[in-house]
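Below you'll find the structure, written out as structure tokens, and then a few comments.
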Amino acid sequence: EKVNFIGFFQTVVERFEINQDDHINFERQLPDKEVQVWIDKDKMTQVLDNIISNAIKYSPEGGTIGFQLEINEHQQKLEVSISDEGVGIPKEKLEKVFERFYRVDKARARNLGGTGLGLAISREMIDAHGGEIWADSKEGKGTKVTFTLPLLKQYEGDEE
Ligand code: ATP
Ligand code: MG
């Protein structure tokens, strides 16, 4: 369905912000105009839930999670990124984390719970939406997960 991604995104982020009792700061950077995309809301909620719960899981106390929506006019894409100040992911593992059941540090990951499926499922869903998903990271400094979605033509009939 056709959705203004900003409102949808805010709702998902707020749900985490309200329910988390750890001391993590949420920082948003959002565009000031509407962003129309065509998404399956349930699937997109699952993707965001996966990425945000990872960010929370790997964040230190007092850490900041950044939520950013950026419009790439040239490529007619929306870029969604979620960054944290957690442990990070080693460079050579940045692609592997999107594989099924892959977890960077088995011992640590076991303590933190999970199956290693979240990002693999997220990639499948973003693929199905015609977008891309990847991770950037500096070990010990944090991780940023970004995905793109094709933008719908926004102001049809609005020629200037
Ligand atoms: P599940 O999502 O199935 O509950 P999971 O979180 O371990 O389990 P993924 O979400 O697929 O699985 O993530 C795969 C692995 O990538 C994680 O086990 C972790 O090692 C690493 N990872 C993912 N997100 C982050 C992050 N924000 N910071 C550090 N490591 C991360
Ligand atoms: Mg996960």
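We count ligands from 1, going down the list as the structure has it; atoms in each ligand are counted the same way. This chain uses plain numbering: 1 for the first residue, then up along the sequence.
Atom OG1 of Thr143 and atom CG of Leu94 lie 8.0 Å apart (nearest 0.5 Å).
One hydrophobic cluster holds both Phe101 and Ile89 under the rule that ILVMFWY side chains link at heavy-atom gaps under 4.5 Å. Under the 4.5 Å side-chain heavy-atom criterion for Ile, Leu, Val, Met, Phe, Trp and Tyr, Leu78 and Trp134 are members of distinct hydrophobic clusters. There is a path of hydrophobic side-chain contacts, each under 4.5 Å, that joins Ile56 to Phe9.
Under 4.0 angstrom from ligand 1, the non-hydrogen atoms of Asp84 all belong to its side chain.
Considering backbone and side-chain N/O atoms, Asn50 never comes within less than 3.5 Å of an N/O atom of ligand 1. Looking at Val104 next to ligand 1, an N or O pair under 3.5 Å apart turns up. Inclusion of Tyr102 in the set of residues having an N or O under 3.5 Å from an N or O of ligand 1 is not warranted.
The environment of Glu92 atom CD is dense: over 12 non-hydrogen atoms of other residues, nucleotides or ligands sit within 6.0 angstrom.
Checked options Thr115, Leu119, Leu117; the residue passing with Arg100 is Leu117 (criterion: side-chain contact (heavy atoms from CB on, under 4.5 Å)).
For the pair Lys93 and ligand 1, no heavy-atom separation below 4.0 Å is found. Ligand 1 has at least one atom lying under 4.0 Å from a heavy atom of Gly116.
Heavy-atom contacts of Leu119 reach the following atoms of ligand 1: 9 (P), 10 (O), 11 (O), 13 (O), 23 (C) (cutoff under 4.0 Å). Each of the atoms 29 (C) of ligand 1 lies under 4.0 Å from some heavy atom of Gly88. When each atom of ligand 1 is checked for a heavy atom of Val97 under 4.0 Å away, the hits are 11 (O), 14 (C), 16 (O), 21 (C).
Among Ile52, Ile89, Ile51, the residue whose heavy atom lies nearest to atom 31 (C) of ligand 1 is Ile89.
Not a single N/O/S atom of Asn50, whether from backbone or side chain, sits less than 2.8 Å from the Mg ion (ligand 2).
A salt bridge is absent between Lys43 and Glu124; no separation between the charged side-chain nitrogens and carboxylate oxygens falls under 4.0 Å.
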